[in-house]
Protein chains: 2
Amino acid sequence: MQTVAMTKPIQKRAIATREKLLSAANTLISEQGFDALRVEEVVGTAGVAKGTFFAHFKDKDALLEQIIGARLADITEAMAQPPAPQSIAEMIARLAPLIAFTTSERRVFDVMIRYSGAAAVAEIGPIAEQFDTQILLYGRWASEGPFRRDAAPELLGEGISAFLIQAIALTFCALNSQEALETRLTAYLTAWLLPQE
Amino acid sequence: MQTVAMTKPIQKRAIATREKLLSAANTLISEQGFDALRVEEVVGTAGVAKGTFFAHFKDKDALLEQIIGARLADITEAMAQPPAPQSIAEMIARLAPLIAFTTSERRVFDVMIRYSGAAAVAEIGPIAEQFDTQILLYGRWASEGPFRRDAAPELLGEGISAFLIQAIALTFCALNSQEALETRLTAYLTAWLLPQE
DNA sequence: CATAAAATTTGACCGTGGTCAATTTAATAG
DNA sequence: CTATTAAATTGACCACGGTCAAATTTTATG
């Protein structure tokens, strides 16, 4: 036992197997959506045994966490590129891709909510990490736009995130359309970011 | 076919069976908690066949929706009795029973979130109904206490609800304690109800 | 009562997520 | 090259939610 190789005991083909599983899952999801994903289909497509799946992912949701987290990362990065929005309307327009993805399937929203509350944990998951990043981004937006100045940017960011979730949650009730979501979110964010007293 | 009995085609022992199922479930939950509840145990305790369960409840969550909805109704009613809280601290103290129940088990929170977004649907579920009632209550509190006046009470109520959910969601991350929840909620509600500009 | 029609209940059966002891494969030492 | 050890993989198996055609019980009718 020398000084080398202490951090990573051993791994090899396992990385390739994991990639095969993720790739198979992504393919199946693109074909049939998140809700129709079956573990047996994933391992069948990947060409491995069922037990292997659970050697790589704690459960099915852990796989979804990785995949959804990765997609959120792309979306978040794209949202962060342009300069900060200078009005509520601009902000909501900027949030459109995130809203579209989050409302695309009920399952996506459920998994996101379940894994969202993990900020600041040692082993932070990919979804929680994205929530963290988003809150920071929203905080930056709040501080770089013509909005209230009496609260810490991060607090304002957390509020934006909370209102976004609330607006989306109400969307999944049958008769609330996308139109309603934006109207509702506008009311929330106006009261949150532009109080009149 | 005369003029009588058009609304209720037929029912009889079914009501008793439903009561047996609900009673059995409540007993089991009080003994082992929500998460350990098994449909087979419920029907075993109630003395009916498995299929009967699903003739009465669409799925397991539908049963939980009824039970959790009923408990929320009790809690909400108790919260509504005293006069409106006159400070953020009083408000959070008043919310204590609701917070305690909601954070008691992860499963409870998950079911509540899943069924919360149904306000204003024709066939409104018991949990969504309670959310609705709570938002109205919070709106009343906001209007009857020394808080901002530049937004509609119901909007303020929705915000309180959104922040409460956000604070609770963060609780389920390992290292956020009850203490942290109240601290966080205080910050949220202060910024929401008492903006300084 | 007898009989038909509808509501309710039944339990064998299935789909799918998840477990685990046994097997195979890769890494390391002599 | 062989032996030893640990990681990775396997697939039979289990747990549990949910389905459905058939059997049973209730209600309605003459």
Side-chain angles (χ1 to χ4, degrees), chain A residues 1-25 28-29 32-68 106-107 110-111 114-115, chain B residues 1-25 28-29 32-68 106-107 110-111 114-115:
Chain A
M1 188 178 288
Q2 285 74 23
T3 54
V4 293
M6 292 294 284
T7 48
K8 286 182 181 176
I10 296 177
Q11 279 161 317
K12 228 43 175 184
R13 66 201 148 145
I15 294 174
T17 301
R18 186 190 170 89
E19 286 312 311
K20 278 194 291 185
L21 287 168
L22 283 169
S23 168
L28 290 167
I29 288 168
Q32 316 169 349
F34 284 88
D35 204 52
L37 193 70
R38 296 286 170 268
V39 172
E40 298 199 350
E41 266 193 298
V42 174
V43 297
T45 304
V48 301
K50 199 174 191 178
T52 302
F53 180 96
F54 294 98
H56 285 269
F57 301 98
K58 179 181 168 295
D59 52 29
K60 189 182 166 187
D61 274 0
L63 169 73
L64 294 181
E65 189 190 7
Q66 296 298 321
I67 291 176
I68 292 174
R106 179 67 210 235
R107 192 80 206 270
D110 285 345
V111 172
R114 173 163 300 116
Y115 286 92
Chain B
M1 189 177 289
Q2 283 74 22
T3 54
V4 293
M6 293 295 283
T7 49
K8 286 182 181 179
I10 296 178
Q11 277 160 317
K12 227 44 173 185
R13 68 201 146 142
I15 294 174
T17 301
R18 186 189 169 90
E19 286 311 310
K20 279 194 289 185
L21 287 169
L22 283 169
S23 167
L28 290 168
I29 288 168
Q32 315 169 352
F34 284 88
D35 203 54
L37 193 69
R38 298 285 170 268
V39 172
E40 299 198 351
E41 268 193 296
V42 175
V43 298
T45 303
V48 300
K50 200 174 191 177
T52 303
F53 181 96
F54 294 98
H56 285 268
F57 301 97
K58 178 180 166 296
D59 52 28
K60 189 182 164 188
D61 273 1
L63 169 73
L64 293 181
E65 189 189 7
Q66 296 298 321
I67 291 177
I68 291 174
R106 179 68 210 235
R107 192 81 206 271
D110 285 345
V111 173
R114 173 163 300 115
Y115 287 92

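Note on naming: letters A, B, ... go to the chains in the order of the sequence lines (proteins, then strands), and numbering restarts at 1 for each one.
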Colleague: Looking at B/Thr17, B/Val48, B/Val42, which one forms a side-chain contact (heavy atoms from CB on, under 4.5 Å) with B/Phe53?
Modeller: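 Exactly one pass, corresponding to B/Val42.
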Colleague: Is the shortest distance from a Lys or Arg side-chain nitrogen in B/Arg106 or B/Asp35 to a carboxylate oxygen in the other one below 4.0 Å?
Modeller: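 No, this pair does not count.
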Colleague: Tell me, do A/Phe34 and A/Ile68 make a side-chain contact under 4.5 Å, heavy atoms counted?
Modeller: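 Sidechains of A/Ile68 and A/Phe34: in contact.
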Colleague: In whole Å, I'd like the distance from the CG atom of B/Leu21 to the P atom of C/dT8.
Modeller: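 About 14 Å, once rounded to whole Å.
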Colleague: How long is the line joining CZ of B/Phe57 and C1' of C/dT9, in whole Å?
Modeller: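 Result: 15 Å.
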Colleague: Could you write nucleotides 9-20 of chain D as a row of B, S and -, 5' to 3', where a protein heavy atom under 4.0 Å of any base atom gives B, of only sugar-phosphate atoms gives S, and otherwise -?
Modeller: BBB----SBBBB
Colleague: Can you list every side-chain hydrogen bond (donor to acceptor under 3.5 Å, both in side chains) pair that touches residues 43-60 of chain B, not counting sequence neighbours?
Modeller: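 For residues 43-60 of chain B: B/Glu40-B/Lys50.
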Colleague: Would you say the side chain of A/Leu64 lies within less than 4.5 Å of the side chain of A/Arg107, judging by non-hydrogen atoms?
Modeller: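 Yes, side chains in contact.
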